[in-house]
Amino acid sequence: RRARESYHAIRECTKPVIAAINGAALGAGLAVAASCDILVAAEEASMGLPEIDVGLLGGGKHTQRLFPHSLRRRMMFTGYRVPGAELHRLGIVEACVPRAELLERAMAIAREIAGKSPAAIRLAKRTLNTIEDMSLRDGYRYEQDMTAIIARTDDAREAQAAFREKRAPVFTGR
């Protein structure tokens, strides 16, 4: 139960969570990574579901968010570990870099996000989490409703003024 709640806490965190995977993310580790918003991997990284090798199951629902059908089943049925380069090729991780560059790559993404409106980032994350399980029609409608809400914020007005004035915006989070 605690493990499940930790996955939910990551996914429901109001701030984007970036995972820097520097080794094997197996079973529960894969579920932690799948709960994060953005994934970056070291070349030595891998993801897998080894539970089958010890007579158990687990992680299938979390892998559904990341992996295609056939590969997900291969992982579940055989314990196959997907290496870092393949994770990148499949678009599961943003980058696959040498271990020495991993944290800097993750931090560069974090700095870019930190430069955006805090209010917009919070609403964007909540919107993405909400629409993930919706139909296209319902998801788009929800997203447009959230766009109307964010458009009325001070940060939206500041972003638009900064764009017109060709300057960097100064956000307040309101």
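Computed from heavy atoms alone, side chains included, the values below leave out hydrogens, waters and symmetry copies. Quantities reported herein were computed from a predicted structural model and do not represent experimental measurements.
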| message | Let me confirm one number: the CD-NE2 distance from Glu43 to His88, rounded to the nearest 0.5 Å. | response | 11.0 Å
| query | Do Arg4 and His8 meet the criterion of a side-chain donor-acceptor pair at a distance under 3.5 Å? | reply | no
| request: State the CG-CD1 distance between Leu71 and Ile92, to the nearest 0.5 angstrom. | output: 6.5 Å
| task | May I have the step-by-step check of side-chain contact (heavy atoms from CB on, under 4.5 Å) for Leu30 and Met75, ending in yes or no? | result | CA-CA 12 Å; Leu30 187 152; Met75 293 166 69; 3.8 Å; yes
| Would Tyr80 end up clustered with Ile52 when hydrophobic side chains under 4.5 Å apart are linked, directly or stepwise? | yes
| Roughly how far, to the nearest 0.5 Å, is CG of Leu39 from CE of Met47? | 5.0 Å
| query | Do the side chains of Lys125 and Val17 get nearer than 4.5 Å, heavy atoms only? | reply | yes
| request: Please check if the side chain of Asp155 supplies one atom and the backbone of Thr172 the other of a donor-acceptor pair under 3.5 Å. | output: yes
| task | Could you list the residues that satisfy ring pair (Phe, Tyr, Trp, His ring centres under 6.0 Å) with Tyr7, not counting sequence neighbours? | result | His62
| Partners meeting side chain to side chain contact (heavy atoms under 4.5 Å, CB included) with Leu56 (sequence neighbours left out) | Glu51, Val54
| task | Step through the shown structure and confirm whether more than 12 heavy atoms of other residues, nucleotides or ligands are within 6.0 Å of CD on Glu112. | result | no
| query | Do Arg167 and Glu158 meet the salt-bridge criterion of a basic N to acidic O distance under 4.0 Å? | reply | yes
| message | Counting only heavy atoms not in Tyr142 (residues, nucleotides, ligands), do more than 12 fall under 6.0 Å from its OH? | response | yes
| Path from Leu49 to Leu57 over hydrophobic side-chain contacts below 4.5 Å | yes
| request: State the CG-CZ distance between Leu128 and Arg11, to the nearest 0.5 angstrom. | output: 9.5 Å
| query | Under a 4.5 Å side-chain heavy-atom rule over Ile, Leu, Val, Met, Phe, Trp and Tyr, are Leu103 and Val93 clustered together? | reply | no
| said: Check Arg81 with Glu86, please: is the shortest side-chain N to carboxylate O separation under 4.0 Å? | reply: no
| Arg111 atom CZ: more than 12 heavy-atom contacts under 6.0 Å | yes
| Heavy-atom check, side chain of Met134 versus side chain of Thr130, under 4.5 Å | yes
| Residues clustering with Leu102 (ILVMFWY side chains joined when closer than 4.5 Å, directly or via others) | Ile18, Ile38, Val40, Val97, Ile109, Ile113, Ile121
| query | In Å and rounded to the nearest 0.5 Å, what is the SG to CD distance from Cys96 to Glu44? | reply | 8.0 Å
| note | Between the CG atom in Leu90 and the CG atom in Leu87, the distance rounded to the nearest 0.5 Å is 7.0 Å
| said: If you count every heavy atom of other residues, nucleotides or ligands that lies below 6.0 Å from Arg72 atom CZ, does the total exceed 12? | reply: yes
